[in-house]
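Reading through the structure tokens given below for one structure.
Just so you know, these numbers come straight off a predicted model, no measurement behind them. Scope of the values below: all heavy atoms of this structure, side chains included, with no hydrogens, waters or symmetry mates. The chains referred to below are lettered A, B, ... by the order of the sequence lines, with proteins before strands, and numbering in each begins at 1.
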Protein chains: 2
Amino acid sequence: MTTQTALTIGRVAQSAGVAIDTIRFYEREGLLPEPRRRPSGYREYDSGTVARLRFIRRAKDLGFTLEEVRELLALSADRHGGVEGVRERAAARLHAIEARIAELQRVRDGLAELVEACPGHGAPEDCPILKALAEPGA
Amino acid sequence: MTTQTALTIGRVAQSAGVAIDTIRFYEREGLLPEPRRRPSGYREYDSGTVARLRFIRRAKDLGFTLEEVRELLALSADRHGGVEGVRERAAARLHAIEARIAELQRVRDGLAELVEACPGHGAPEDCPILKALAEPGA
DNA sequence: CTAGACCCTTGATGTAGGTCTAGAGTCAAC
DNA sequence: GTTGACTCTAGACCTACATCAAGGGTCTAG
């Protein structure tokens, strides 16, 4: 699972599909532990780091912030009770995403209505889009 | 429409529902023209500025970036052909919002599935959420 | 006339998540 | 043994949209 081949940061970056700078950034941010070093100072990783980076990427794809990813990583290492926290975080993220979708749908509906009503030519005073933006309301 | 009462920046800010700093920021960014000044250097506005600020706020509420708002303001002043540009920008924004909604819906569906499958207790290896994040695939 | 509210400028700060630069040292292949 | 690719650090920079601070001048009501 975590084979003991020593990888350079460049190889890890390539395997995980992230930039080298991103790996160092995650290390500073506490998402990755400080790795072993060669005498020269070069970082040495094993394939577990690649897996961890993929975990981070997938969590980010699911809309988690790095702060939340940090929590998920801690929870995933907690053999007792961690799963409950993971589910909670995921449910919270789900709700946040649903709220965001609802908000965007409202915006979309308003905008769609205006675009449909606008003929695309004529005087600015007759453009429903501009009229809506200029309206004294709200 | 644009009555000639001289307003201070503070009054404009209050009427339009924005912060004073925001007005100065918009001025720097070219969203508001440079206003007249009193001999003391105080900015002087009329109610047209309040209307313009409300225009900006509503456009932002519709998801336009300030860059796009700048364009909309320019187009709204273009008596010939401006309306076509306005409609184009609005349609483009609409498409972008729809794409964003679709993307978020995909994320939501993936996340909802995981949350439903997770019992909320047990060992980390059995948690579908953690398994999905740890999976070697893409 | 004075206290307190208001306004001025320049420039720094904040978020989130990186990305890039400069200058220097290291590694591996030929 | 040298060339070219790789890595190191510290710290600046990026987007987008403001927001705040410091230090100082102005306005107005009582």
- Quick one: list whatever passes side chain to side chain donor-acceptor pair (under 3.5 Å) with A:Glu88, sequence neighbours left out. none
- Message: I'd like the 5' and 3' limits of the part of DNA chain C contacted by chain B, with heavy-atom contacts below 4.0 Å.
- Response: C:dC6 to C:dT9
Using distance only, find each side-chain donor-acceptor pair of residues 106-134 of chain B under 3.5 Å and give its atom names and separation, not counting sequence neighbours.
from: B:Glu125; atom 1: OE1; to: A:Arg79; atom 2: NH2; distance (Å): 3.4
from: B:Glu125; atom 1: OE2; to: A:Arg79; atom 2: NH1; distance (Å): 2.5

- Message: The criterion is side chain to side chain donor-acceptor pair (under 3.5 Å); which residues satisfy it with B:Glu71, sequence neighbours excluded?
- Response: B:Arg89
- Message: Less than 4.0 angstrom between a side-chain N/O of A:Arg37 and OP1 or OP2 of D:dT9, yes or no?
- Response: yes
- Set of side-chain contact (heavy atoms from CB on, under 4.5 Å) partners for B:Glu44, sequence neighbours left out: B:Ala6, B:Arg36, B:Arg38
- Message: Using a 4.0 Å heavy-atom cut-off, does A:Arg24 contact any base of the nucleic acid, only the sugar-phosphate backbone, or nothing at all?
- Response: base
- For DNA chain D, which residues in residues 95-107 of chain B have a heavy atom at a distance below 4.0 Å? none
- Name all pairs fulfilling the salt bridge (Lys or Arg N to Asp or Glu O under 4.0 Å) condition that reach into residues 5-15 of chain A, sequence neighbours left out, sorted by first residue then second. none
- With a cut-off of 6.0 Å (strictly less than), are more than 12 heavy atoms of other residues, nucleotides or ligands near CD of B:Gln14? no
- Query: Does B:Arg52 have any side chain to side chain donor-acceptor pair (under 3.5 Å) partners at least two apart in sequence or in another chain, and if so, which?
  - Reply: none
- Residue list, side chain to side chain donor-acceptor pair (under 3.5 Å) with B:Arg70, at least two apart or on another chain: B:Glu67
- Message: Partner lookup for D:dG30, please. Criteria are Watson-Crick or G-U wobble with both distances under 3.5 angstrom; report none if nothing qualifies.
- Response: C:dC1
- Name all residues meeting the salt bridge (Lys or Arg N to Asp or Glu O under 4.0 Å) criterion together with B:Glu68; count only those two or more places apart in sequence or in a different chain, and write none if there are none. B:Arg93
Which pairs would a plain distance check flag for residues 16-30 of chain B, meaning a side-chain donor or acceptor within less than 3.5 Å of a matching protein atom at least two apart in sequence or in another chain?
from: B:Glu27; atom 1: OE1; to: B:Arg43; atom 2: NE; distance (Å): 2.8

What protein N or O atoms touch nucleotides 18-21 of chain D N or O atoms at under 3.5 angstrom, if any, and at what distances?
from: D:dA18; atom 1: OP2; to: B:Tyr26; atom 2: OH; distance (Å): 2.8
from: D:dA18; atom 1: OP2; to: B:Lys60; atom 2: NZ; distance (Å): 3.4
from: D:dT19; atom 1: OP2; to: B:Thr22; atom 2: OG1; distance (Å): 3.1

